Each structure stands twice: as C-alpha cells, then as structure tokens.
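What follows is one structure encoded as structure tokens, with my remarks underneath.
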Amino acid sequence: MILPLHDALRSRIREIVQTLYSLDADAVPSIAIESPPNRALGDLAVPVAFELARRLRKPPRAIAQDLAAAFAPGRLPPSVTRVEAAPNGYLNVFLDRPALLREWLSPQAPGPEPQAPSPGKVIVEHTAINPNKAAHIGHLRNSALGDTLVRLLRFRGHPVEVQNYIDDTGVQVADVVVGFRHLEGKGLDDVRRLADSTRFDFYCWDLYARVTDWYEADKERLKIRTATLHDLEHGGNDNAIMAAFIAEHIVRRHLETMARLNIEYDLLTWEGDILRLRFWAHAFETLKRQGIILLKSEGRLAGCWVMEIKGDPLQADEDDQDEDESEDGQREKVIVRSDGTVTYVGKDIAYQFWKFGLLGKDFRYREFDRRRDGCVLWATTSAESGLAAGADGVPRFGAAETTYNVIDTRQTYLQKLLKQALATMGYTREAERAIHFAYEMVALSHATARELGYPADDSGRPFVEVSGRKGLGVKADDLIDRLTEKALVEVRKRNPETSDADARATAETIATAALRYFMVKFTLGKIIIFDIDEALSFEGESGPYLQYAAVRAANIFQKMREREGAGEADVIAALPSTPADTLTAGADADALWGLVLEAARLDEIVEQSLRSNEVAVVAKYAFGLAQAFNAFYHRFPILAEERSDVKRWRAGAAAYFRLQMTRALDLMGCGVPQRM
C-alpha cells in the first residue's frame, strides 16, 4: 500500500522545508505526490517547489535543488533510495523496489492502514426499499453503491454503522393493505396463509400494480388509502397489524435478495417505531419552540405546520401539494398536514436528529436475524420487551459524526431541506456532515428488456424506463437468476469437467460481480442503461473481466506447483535471496515495477474515491489495473521463463497484482472464483 510511504515522504519534505527556509509549519504548502510521465525519471514526483516559488522568490529549479541536496543518504525516508531535482523544478523520488515488493508480499505485512487520527462513527443508510413488494433493479444500484461506500470507509479505518430504513407506515404499505382488504377481501389469517404458500414479495408486486389501477378507475377510492394510512400511523388496529405482518415478511425477502449480492446491515430502523416512540412528537415540540415551523391559519395550507424554505435549495415539483408560497413570496414546506399526518420530511427530521445523537431519545432494540457472518442483525422496536442500547450485548446505535444517505437524485430537494432544518437549529457542523449520496436512475437496454420479457417500447428513447408502481419492472431476484443461468452456460462450456455444484457456485460468483460492477462503474450523475450481455462479458469493462485477470494470476501459481512443486508462498520466500536486476535495471524492469506500483495505489485510489464521493473511481482503477496485468502477462512470460531470478520477480509482481485485485474486487462486493 502506497499511502504510508506518501505520508513518510511528505513528513520528511515538511521538515526539510521548515529547516531550510525557516518557515512555520502553517506556512508549508500542501505537498502533492504525482507519478512521473516516464518511469525512468523516478517512481514518484513532487511539485512542491512550484508552490514555494512565489513565497521564497526563487525559481522552482533552484528550490528543488536545495531540497534534493538536503536528502542526505542517512536522512532519506524508509524505502527511498534517492531524491533528484529535475530541470523543470520537480523532485523525482526513486524507491527501493525489491525491498518494497518483498514488504508488500510478506505474510506479516499489515493490511491497509487506517487514516489517523481515528475518525468518529459514520452512519451509512442505504437500500430503504418500501416493504410492499419485491426489490427491483433500481434498488440494486442503491444497495450496490451503499455497500461499496461502506466497504471503502471501513478500508480506510472508519467505524461504520450500516442502517436500512424501513418505511412500514408509508403509503406504499397502506396500498397493499387496501389491495388485500378491498380488492381481494382477505383478512389477516388469509394473508398469513398466503405468505406461507407463495413467494410473498412477488405476489405483492402484482397486487400493488392492481391497486394503482384501481385508484385510477375511481379517484374517490383514494379516501380509503388515506384512512388506511391513518390506521398505520396510529397503530393498534387491524389494518396496522396486517401492515406490520406484510412489512416484516417482505423485509425478510429483501434481506435474502441482498445477501445474494453480499450485502449486509447492522440495523433495520422501522419508521413505525419513530412514530410510536414519539420521536417526531419530541422533535416537533423543539421545532415549534424555536419557531422553525409555524402553524398556517389561512390560505391553501391552513391548518398545516410549515417550515420556511431558506434561499432556493432546489426547484420543487410544481405539483407538490405540500409546498406553497406565502403572500410575501416566501416558499413554505408542509411538515404536518392539516389532517395531522406527518410528511416524509417531518419523520426524517426526527430520524436525522437521532442519527447525530441530538434527539435526547433512543429506540429499544430486538434481534431480527443472524447474518451470514454470525453477527446479529438488530432492528428497532417500540415494544416494552425491547432491549435498551448497551444491554445484553446491544450496540449503541446512532450518535454519528457523519451520515451518508444513499438515495437517488429525485430526493435532492428533500435532503437539502433536512440539512436546512439542522442548520436552522444551530447544528451547522452536523448539517455539513449530513451527506446526500445521490445517484441517477437505472433503465434497461432494449435488448435486455426483450430478453427479460418486458413489454415493447416504441417511445424512440435509447432505453426502457421501469416503473414499480405500474408493475413494469425487473425484479432483482429474476435478474440475478438470469445472470446466473447465462454465466452457468459459459462456465460449463469452458470447464466441462466441473461438477454441477461447483459450476453453479462459480456462476453465482460471476453473476454477482457482473451486476455489482455494472452498478458502480458509472459516475453517480449518469443514468445507467443496464445490459445483461455487457455486464457478463469476459472482455471489456466488466466484473467478469476483472475476475478473469485475478484467476489468470492465480492459475500461474497453480501450474507452477503442478510442474515444479513450488507455489506462490515459495516464490515469495525466495525473493530476499534473489538478485534484483530484473526489477531495477532497464526498460523491462521499469515496466515490471510499473505494474507493482500501480497495484500498490489501491489505498490512494480509495482515498480519492471517498474525497470525491465517487465509488466509480475505484471501479475505473480496478479495470485499468486488470488491463495492465493482462498486458504484462503477454509481454513477460513466467512459466516459460528459464532464468530463475527473472521468473521469481515476475511471479512476485503477479502475486502482488492478484492480492490487490482481490482486495479491489472485495471493495465492490465481488469474490474471485477458482476458475472462469
């Protein structure tokens, strides 16, 4: 990993700058570390002389010469062999290549070093599928992005709490209750029997679409929805009991779907508990007391509690019935409607305050399930039987330093209102640390839509848009199944001797990488047009292409063991006594070291990704690294190489690539199969 080396180099340069030029620490500019255009010029390049030139009134070249001269042999940072001043003013840094590769390959080598000092807790909320139907392809982008973000944060040493918000009192669940009661005439016992005898989330998928059509046929029926929604919010009635049963069962199906993609959570936060434990009531009194929300006495919003919208966070939907403009031109957002129902913004304000430890109240907790790693998946509860935080092994949830809410760009307006509420109450630091991790929608290519049996689209657009409300969409499990079956055909074709069980396990691993990599390789602001064949391709920018590169590297050592009786561990153990000219002298050595150094940049790339809030940075890097290895593989034969020292160093480079590519894939939730 390269960042510890960067940190040591920066520290040494700061010391030299302060000593040479009598500068205070605050006067030393930030020190960027770059890659030279040509590896023969050095392994790293530092342009600090350009930053100092104006302050010192000296040309960059002269400053670079001063700095290079101060790097006496006994004062070099670890793993640096020399520092030279380039004619253009750069400092070129040359590394101890053999020592570094041996260190990075050592079984005792530490993993990625966390950033220091240790940061506070980070809460990442992602997935948040309405518990009224099966997960669909759009939800997969949310969960893939959220889980990858979690993995990146943990890789850099952040303690992360993963939350999945369950909107069990929202209109979508109310609609399914309406469907069972008014379209199908079913009671709770009927629904329970149905849940035991069918794929319940799939059944509710179709029912939800039918309810939407039912409302469209007679708008008066929307009054039934409103009454049902009131029942869900108040609790303690037949509709609320049915809704709780529906939500619980569908959430369990969602968890099974996400587990197929290696996605897990620490806490399920149920919206109903926010209401029943009066989180909103507590926040409501605070907002009223501070004058942040006001009761409207006249106009279209008479009887509503509203919050003034400061500035212009974002243009709202013109049809938004929960927003209006007062006589003085001030925009206002409804927090509590005149009928007493709380809007999404209101409930989320209370939840956001709890996330930061600002509410003064806490949930009770229950053990919901066991994850595949054996850890408890906790859920909030409002039941008296629930456990308090810190009791009987219950973690202390909430009270984060930073929060990420992974939710699509359509929610940008509401997310900005949440930040405004925090800032208006004086929590400016928390408002800055409440990060909306926004992304664009997922659509289907026309070819994939046809393959999945989607209705023909003659709109003329280059993609097919999905709609869960209309029942026009791709269920996540159906998509995963289709990807797995197509991957299975390819696996059997390439490995006919493989057992059925092993072939299917390999196909599932490939399908997961195909789907997850596709969901994260695009920048967040780009609409994804998902294409099955592109995602599954073993060539090009795909998850299977990355896996294939890692498998190819592993196969080198498997063949070495079969032919020579020595594998990867033996090669690594022999490197300290192996002459290192292969890695240090000449153009071929520069090319070989180039692969190693690029592989070492994984921690640097993760840091860039987190700073920019773009997980695609890691995906693009991993693709480039795989390309670099494949070029190396064809240029520098290992198994056919007769010179033992050359073979060992080339194999060492391949071993380090395999290690880092495996780590990069894991950061995106992808495994590496034994064969492809």
Side-chain angles (χ1 to χ4, degrees), residues 124-150 162-168 170-173 175-176 199-206 208-209 246-247 249-265 268-271 344 377 404-411 415 436-444 448-449 452 454 463-483 511-512 514-522 524 526-530 532 535 615 668-669:
V124 177
E125 178 200 334
H126 69 81
T127 304
I129 308 172
N130 290 316
N132 69 318
K133 65 181 186 305
H136 60 62
I137 188 172
H139 298 133
L140 295 182
R141 188 175 196 197
N142 182 301
S143 54
L145 288 170
D147 184 66
T148 302
L149 173 63
V150 168
V162 189
Q163 297 188 7
N164 184 356
Y165 185 85
I166 312 298
D167 184 4
D168 58 323
V171 67
Q172 291 82 6
V173 176
D175 283 348
V176 176
R199 180 64 193 260
F200 192 58
D201 55 338
F202 282 26
Y203 186 95
C204 291
W205 173 290
D206 296 330
Y208 181 57
I246 292 167
H249 275 65
I250 289 182
V251 165
R252 291 188 183 278
R253 301 292 79 75
H254 290 168
L255 294 174
E256 291 172 357
T257 301
M258 294 303 155
R260 297 181 71 182
L261 299 175
N262 305 318
I263 296 169
E264 303 279 4
Y265 310 89
L268 306 179
T269 311
W270 294 74
E271 182 173 273
Y344 165 84
L377 169 60
Y404 288 86
N405 192 357
V406 182
I407 191 167
D408 68 54
T409 55
R410 292 171 295 181
Q411 300 296 320
Q415 291 297 309
H436 177 201
F437 201 82
Y439 61 92
E440 268 293 354
M441 60 172 276
V442 180
L444 301 174
T448 294
L452 294 170
Y454 205 86
F463 56 81
V464 178
E465 191 172 351
V466 299
S467 172
R469 179 174 291 277
K470 297 177 182 178
L472 302 176
V474 178
K475 299 181 185 72
D477 284 293
D478 285 347
L479 179 60
I480 298 169
D481 289 344
R482 184 61 181 156
L483 285 163
T512 297
L515 183 53
R516 289 203 53 159
Y517 185 81
F518 201 100
M519 291 298 176
V520 302
K521 73 176 183 177
F522 298 97
L524 297 176
K526 184 177 178 62
I527 293 175
I528 287 182
I529 303 176
F530 184 82
I532 286 180
V615 299
M668 295 178 281

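Keep in mind that this is a model prediction, so the values were computed, not measured.
Here the side chains of Asp477 and Arg253 are not in contact, with every heavy-atom distance at 4.5 Å or above. Inter-residue side-chain proximity for Tyr404 and Val150 is flagged as unmet; no heavy-atom pair is nearer than 4.5 Å. Residues Val406 and Val124 form a side-chain contact, since some pair of their non-hydrogen atoms from C-beta on lies under 4.5 Å apart. The side-chain heavy atoms of Val442 and Phe518, taken from C-beta on, include no pair separated by under 4.5 Å. The shortest side-chain heavy-atom distance between Met519 and Thr148 does not fall under the 4.5 Å cut-off. The side-chain heavy atoms of Leu483 and Ile532, taken from C-beta on, include a pair separated by under 4.5 Å. Inter-residue side-chain proximity for Val251 and Asn164 is flagged as unmet; no heavy-atom pair is nearer than 4.5 Å. Side-chain contact between Gln172 and Asp167 is present, with heavy atoms from C-beta onward closer than 4.5 Å.
Every residue two or more places apart in sequence or in another chain was checked for a side-chain hydrogen bond (donor to acceptor under 3.5 Å, both in side chains) with Arg141, and none qualifies. Under the side chain to side chain contact (heavy atoms under 4.5 Å, CB included) criterion, Asp478 pairs with Phe202, Lys475, sequence neighbours left out.
Residues Ile250 and Phe200 come closest through the heavy atom pair CG1-CD2, 3.8 Å. The minimum heavy-atom distance linking Asp147 with Asn262 is given by the pair OD2-O, 3.7 Å. Closest approach of Asp168 to Glu271, counting heavy atoms only: OD1-N, 3.1 Å. Counting all heavy atoms, side chain and backbone alike, Ala438 lies closest to Thr409 at CB-CG2, 3.9 Å. The two residues His254 and Pro131 make their nearest non-hydrogen contact at CE1-CA, 4.0 Å. A pairwise comparison of heavy atoms in Ala511 and Ile480 identifies CB-O, 4.5 Å as the closest pair.
Among the candidates Gln163, Gln415, His436, the single residue satisfying the side chain to side chain donor-acceptor pair (under 3.5 Å) test with Asn405 is Gln415.
Taken to the nearest 0.5 Å, the CD1 atom of Ile129 stands 8.0 Å off from the CD1 atom of Ile166.
More than 12 heavy atoms of other residues, nucleotides or ligands shown are found within 6.0 angstrom of CZ on Arg199.
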Original post:
For His126 and Tyr265, what are the C-alpha separation, side-chain angles and deciding distance, and is it a ring-ring contact (aromatic ring centres under 6.0 Å, His included)?
Top reply: CA-CA 9 Å; His126 69 81; Tyr265 310 89; 5.2 Å; yes
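By the 4.0 Å N-to-carboxylate-O rule, Asp175 lies too far from Lys133 to be salt-bridged with it.
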